[in-house]
**Student:** 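Got a structure here, written out as C-alpha cells. Questions coming.
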Amino acid sequence: MGFNDYEYKRPNLEEFIKESNKLMESIGTDKSFEEELKAILKYKELEDELSSMVTIASIRNSINTKDEFYEQEQEFFDENLPMLGEISNIYLNKLLSSKNRKLLEKEFGSLLFVQAEVMRKTFKPEIILDLQEENKLQTKYSKLTAGAEINFEGNIYNLSQMSPFTQDKDRDRRKKASLAVSKFFKDNQDEIDEIYDQMIKVRTTIAHKLGYKNFVQLAYDRLGRTDYTEKEVANYRKQIMEYVVPVVTELTNKKAKRLGIENPQSYDLALSFTSGNPTPKGDRAWQVDKAQKMYSEMSNETKEFFNFMLDNDLLELDSKPGKSGGGYCTYIPKYEAPFIFANFNGTSHDVDVLTHEAGHAFQVYQSRGLISEYRWPTMEAAEIHSMSMEFLAWPWIDMFFKEDTEKYKYDHLSGAVNFLPYGALVDHFQHEVYNNPNLSKEERRKVWRSLEKEYLPFKKYDEDDFLQNGGFWFRQSHIFTGPFYYIDYTLAQVCAFQYWTSSREDFKKAFESYLSLCKLGGSKSFVGLIEAVNLINPFKDNSISEILKPINKYLNSVDDTKL
C-alpha cells in the first residue's frame with residue numbers, strides 16, 4: 001500500500017476526548033498495575049490514530065498548499081488541536097501521581113517521567129486560544145513563503161527553485177538571482193515583520209500565563225531539554241565563537257582566493273569553485289536508484305528500510321509550484337511508516353537532503369516498536385542520526401557525483417564546519433529576541449545584523465540594502481515555526497563529525513555504534529544518548545577544539561585550488 005492509498009478521515013475529536021477521559025479513570029487511580037498499564041497502552045493507540053490523521057493531512061497540505069481540502073484540514077487542526085492539550089495534561093498528572101509509578105518506571109524507563117514533569121508545565125487550559133493563534137501565525141508564514149513567485153530571467157520560480165541560480169558560476173547571474181530572492185522578502189517585509197511581532201507577543205503571553213519569566217525556558221521545556229539549560233548553550237556558543245569562527249573565516253578567505261574575487265559579497269559564498277559547485281550527475285529517479293544501491297550495500301538494516309520506503313511511495317522529492325519549501329521527515333504511526341519530503345533542485349543539496357532525511361527515517365524505523373514518547377529523541381539528538389548518515393554515505397558518494405566526488409567531499413565537510421557559526425547566530429538571535437520581547441521590528445533587524453557581524457564577520461551586503469539592514473533571518477523558517485530548534489543542528493553536527501572520523505578508521509564499528517544509537521530512539525536524554533555510544537559531550541569545555549582537529553587536518557591536506 002502506497003502513501004497515496006493511506007486513508008485520511010477527519011478525526012472525531014469529541015469521540016477522542018470521550019474515550020480518553022474514560023481511560024483516564026484507570027490511570028493514576030487505585031487500579032492494579034496491570035489495569036493501569038492496559039489503559040495507558042490503549043490511550044497511546046488512540047493518540048497514534050489521531051497523530052496519523054494529523055500527519056497525513058499535514059503532508060498532503062505541504063505537498064500542495066493550494067489544495068483547498070487539505071488547507072481546510074490544516075486550518076481545522078490549527079484551531080482544534082490546542083484544545084486537546086488539556087487531555088495530555090490530565091494524563092501527565094495522573095501518570096506522575098500513580099501509586100504504580102515505580103512499576104511503570106520499570107516498564108517504560110525513568111525518562112518518560114522526567115519529561116512528563118517538564119511537559120506538564122507547558123500547558124494550562126487558559127492558553128488554548130493563544131496556542132490556536134500561534135498555530136495560525138506559523139501556517140500564515142509557511143503559506144506566504146511557499147507561495148513565493150519570483151520573476152527571474154522571464155520565468156517564475158519558487159524559493160527552492162531559485163537555489164541553482166544563486167550558485168551559478170557566472171557572478172553577475174548569481175548576484176541577480178540573490179537580489180531577486182531578497183526582493184521577495186523585502187516586498188513582503190511588512191507582513192513578515194508583523195507575523196513575527198505577533199508570534200513574539202503570543203508566545204510571551206503564553207509563557208507569562210504558565211508562570212515563566214519569558215518564552216525562553218518554555219521553549220526549552222517544549223523541546224524536552226532535560227539535561228542542559230540556557231547557560232550551557234551560551235557557553236557552547238562561546239566555544240563556537242572562539243574555535244570555529246576563525247576557522248570559517250580562513251576557509252572563506254581561501255574560497256575567495258580560489259574564486260579570484262577580491263571583495264567577496266554574500267552572494268559569492270554560495271559558490272565554492274570556479275568550475276562550479278559539485279552536482280549530482282542524474283535526475284531525481286537516477287539519484288533514488290543510486291541511493292537504493294548504496295543502502296543495499298551499507299547494511300542489511302538499511303537495505304530493508306530503504307526498500308520499505310520505495311515500496312510504499314514514501315519519498316516526495318520533486319520541487320513544484322505550490323509545494324512548501326524545505327525538507328523534513330515525519331512518521332505515520334498507523335502504518336509504521338516514515339515519510340521523507342524534499343525539494344530537489346539539481347544541486348548537491350539534493351543528495352545532502354536525501355541522506356539527511358533518510359537518517360531521520362532510518363532512526364524512527366529502527367525505534368518504531370517503542371512507545372510514542374521514545375520513537376523520536378529530542379531534536380538535537382535526532383539530528384545526530386541525520387547528519388551522521390550524510391557522512392556514512394561517503395564510501396558510496398562517487399556514485400552520485402562521479403568526477404565531482406573529491407570536490408563534493410571537500411565542499412560537504414567544509415560546509416558543515418561553515419554552518420556552525422550560522423547555527424549559533426540563529427540561536428543567539430532568538431535568545432536576544434525573547435529575552436527582550438519589547439524590541440521594535442527595526443531593533444530586531446539591528447540585533448540580527450550586529451550578531452551576524454560577530455559570528456559571520458566576512459559577510460558583506462554592499463549591493464543588498466535589505467540584507468545590510470538585517471533582513472536575512474526572514475528566510476530562516478525555524479525562527480518562525482520551530483523557535484529555538486536550530487542550535488540542535490550544530491550540537492548534532494559536532495557529534496556527527498565524530499562518526500565521520502570513526503567511520504574513516506573502521507566503518508563497520510562506526511556503523512554498529514550508529515545503529516545502536518538509532519535503536520535507542522528517545523529512550524535517553526541527549527547527553528544520555530551520546531554517553532551511551534561514547535561520543536564526546538559538546539557542552540564540555542574545549543570539546544569543540546578536540547572534535548575539529550581531524551576535520552581541520554583533512555581540509556588542510558586538500559589542495560582546494562585543484563578541485
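Quantities reported herein were computed from a predicted structural model and do not represent experimental measurements.
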**Student:** Listed by chain and number, what are the side-chain hydrogen bond (donor to acceptor under 3.5 Å, both in side chains) partners of Gln292, not counting sequence neighbours?
**Tutor:**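 side-chain hydrogen bond (donor to acceptor under 3.5 Å, both in side chains) check on Gln292 returns Asn307.
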**Student:** For Tyr499, check side-chain hydrogen bond (donor to acceptor under 3.5 Å, both in side chains) against everything at least two apart and list the hits.
**Tutor:**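 Counting only residues at least two positions away or on another chain, Tyr499 forms a side-chain hydrogen bond (donor to acceptor under 3.5 Å, both in side chains) with Ser513.
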**Student:** I want to check a possible cation-pi pair here: Arg60 against Phe3, using under 6.0 Å from ring centre and within 45° of the ring axis as the test.
**Tutor:**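 Yes, cation above the ring, under 6.0 Å and within 45°.
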**Student:** Considering only residues two or more places apart or on different chains, which pairs with a residue in residues 112-144 satisfy ring pair (Phe, Tyr, Trp, His ring centres under 6.0 Å)?
**Tutor:**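 Listed by first then second residue: Tyr141-Phe480.
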**Student:** By side-chain hydrogen bond (donor to acceptor under 3.5 Å, both in side chains), which residues pair with Tyr489, not counting sequence neighbours?
**Tutor:** His478, Tyr485
**Student:** Can you label the angle between the Tyr434 ring and the Phe484 ring as parallel, tilted or perpendicular, going by 30° and 60°?
**Tutor:** tilted
**Student:** Any side-chain to backbone donor/acceptor pair from Asp313 onto Gly2? Under 3.5 Å, distance only.
**Tutor:**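 Here the side-chain-to-backbone pair does not exist.
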**Student:** Using the test side-chain hydrogen bond (donor to acceptor under 3.5 Å, both in side chains), find all partners of Glu86 that sit at least two apart in sequence or belong to another chain.
**Tutor:**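 Residues passing side-chain hydrogen bond (donor to acceptor under 3.5 Å, both in side chains) with Glu86: none at all.
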**Student:** Applying ring pair (Phe, Tyr, Trp, His ring centres under 6.0 Å), which residue pairs with at least one partner in residues 64-101 are found, sequence neighbours left out?
**Tutor:** Tyr8-Tyr70, Tyr43-Tyr91
**Student:** Applying side chain to side chain contact (heavy atoms under 4.5 Å, CB included), name anything that partners Ala342, two or more places apart in sequence or on another chain.
**Tutor:**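 In terms of side chain to side chain contact (heavy atoms under 4.5 Å, CB included), with neighbours along the sequence ignored, Ala342 is linked to Leu317, Phe344, Val353.
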**Student:** Between Asp48 and Arg375, is the closest basic N to carboxylate O distance under 4.0 Å?
**Tutor:** yes
**Student:** Could you list the residues that satisfy side chain to side chain contact (heavy atoms under 4.5 Å, CB included) with Asn436, not counting sequence neighbours?
**Tutor:**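 Listed in chain order: Glu432, Leu439.
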**Student:** Can you sort out the partners of Glu301 under salt bridge (Lys or Arg N to Asp or Glu O under 4.0 Å), two or more places apart, ordered by chain and number?
**Tutor:**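 With sequence neighbours excluded, Glu301 shows a salt bridge (Lys or Arg N to Asp or Glu O under 4.0 Å) to no residue whatsoever.
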**Student:** Going by the rule side chain to side chain contact (heavy atoms under 4.5 Å, CB included), which residues pair with Glu15 if we only count those two or more places apart in sequence or in a different chain?
**Tutor:** Asn12, Lys18, Glu19
**Student:** Using every non-hydrogen atom in the two residues, find where Cys495 and Pro538 come nearest and quote the distance to one decimal.
**Tutor:**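 The pair with the smallest heavy-atom distance is SG-CD, 4.3 Å.
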**Student:** Test of understanding: with salt bridge (Lys or Arg N to Asp or Glu O under 4.0 Å), list the residues that count as partners of Lys540, not counting sequence neighbours.
**Tutor:**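 Once residues adjacent in sequence are excluded, Lys540 has no partner under the salt bridge (Lys or Arg N to Asp or Glu O under 4.0 Å) criterion.
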**Student:** Suppose we screen for salt bridge (Lys or Arg N to Asp or Glu O under 4.0 Å). Which residues come up paired with Lys323, at least two apart in sequence or across chains?
**Tutor:**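 Result, salt bridge (Lys or Arg N to Asp or Glu O under 4.0 Å) vs Lys323: Glu316.
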**Student:** Flag the pair Arg444 and Asp197 as a salt bridge only when some basic side-chain nitrogen lies within less than 4.0 angstrom of an acidic carboxylate oxygen.
**Tutor:** yes
